[in-house]
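For this chain, numbers begin at 1 and follow the sequence in order. All of these numbers come straight from a predicted model, not from anything done at the bench.
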Amino acid sequence: MRVTVYGPLRGVTGAKTVSVEFAGGTVAEAAAAFVDAHHGAADHLYADDGDLRPSVRLSVDGERVEPDEDCPPDADLTVFPAVQGGTVRDPAA
């Protein structure tokens, strides 16, 4: 499977696109295979409870997908890591 990453994940993989061994299964299993190959990605993708962070976005072959959907072994998986930061404005200000 080819995996294209964005943001801080490039620092983890060392490249925009990497190859990951994956026999097929769900998108969640594909994400897990990516993390198995690039351990540093876990903090960017998973919450403390082990679930994918709500703001992680995944696509397979250019189509946005949910973690429980199918992912073929020859897929192009794109991973947009969790987005954090920003400021909260005080509405009274």
Exercise. Do any pairs count as a salt bridge (charged side-chain N to carboxylate O under 4.0 Å, His left out) and have a residue in residues 56-75, sequence neighbours left out, and if so which ones?
Worked result: none
For this session: For the residue pair Pro67 and Asp51, establish whether any side-chain heavy-atom pair is separated by less than 4.5 Å.
Result: no
Exercise. Which side-chain hydrogen bond (donor to acceptor under 3.5 Å, both in side chains) pairs, counting each pair once, include a residue from residues 30-40, with sequence neighbours left out?
Worked result: none
Exercise. With distance as the sole criterion, is a donor-acceptor pair present between the side chains of Thr4 and Thr17 under 3.5 Å?
Worked result: yes
Exercise. Which residues pass the side chain to side chain contact (heavy atoms under 4.5 Å, CB included) test with Pro8, sequence neighbours left out?
Worked result: His44, Pro81
Problem set entry | ring pair (Phe, Tyr, Trp, His ring centres under 6.0 Å): pairs with one or both residues in residues 1-33, sequence neighbours excluded | Tyr6-Phe80
Seminar exercise, completed: Closest heavy-atom pair, Val12 versus Ala41, reported as atoms and distance to 0.1 Å, is CG1-N, 3.5 Å
For this session: Applying side chain to side chain contact (heavy atoms under 4.5 Å, CB included), name anything that partners Ala47, two or more places apart in sequence or on another chain.
Result: Asp49, Arg53
For this session: Provide the closest heavy-atom pair for Leu77 versus Ala30 in the form atom of the first, atom of the second, distance.
Result: CD2-CB, 4.2 Å
Seminar exercise, completed: Hits for side chain to side chain donor-acceptor pair (under 3.5 Å) against Asp76, two or more places apart or cross-chain, chain-then-number order -> Arg2
Exercise. Between Val79 and Leu9, does a side-chain contact (heavy atoms from CB on, under 4.5 Å) hold up when you go through it step by step?
Worked result: CA-CA 9 Å; Val79 182; Leu9 289 177; 3.6 Å; yes
Exercise. By side chain to side chain donor-acceptor pair (under 3.5 Å), which residues pair with Thr13, not counting sequence neighbours?
Worked result: none
Exercise. Is there a side-chain contact between Glu29 and Val27, using heavy atoms and a 4.5 Å cut-off?
Worked result: no
Problem set entry | Residues in side chain to side chain contact (heavy atoms under 4.5 Å, CB included) contact with Ala32, at least two apart in sequence or another chain | Tyr46
For this session: Quick one: pull up CG in Leu45 and CG in Leu58 and give me the separation to the nearest 0.5 Å.
Result: 7.5 Å
For this session: Give the minimum heavy-atom separation between Cys71 and Ala75, together with the two atoms involved.
Result: SG-CB, 3.7 Å
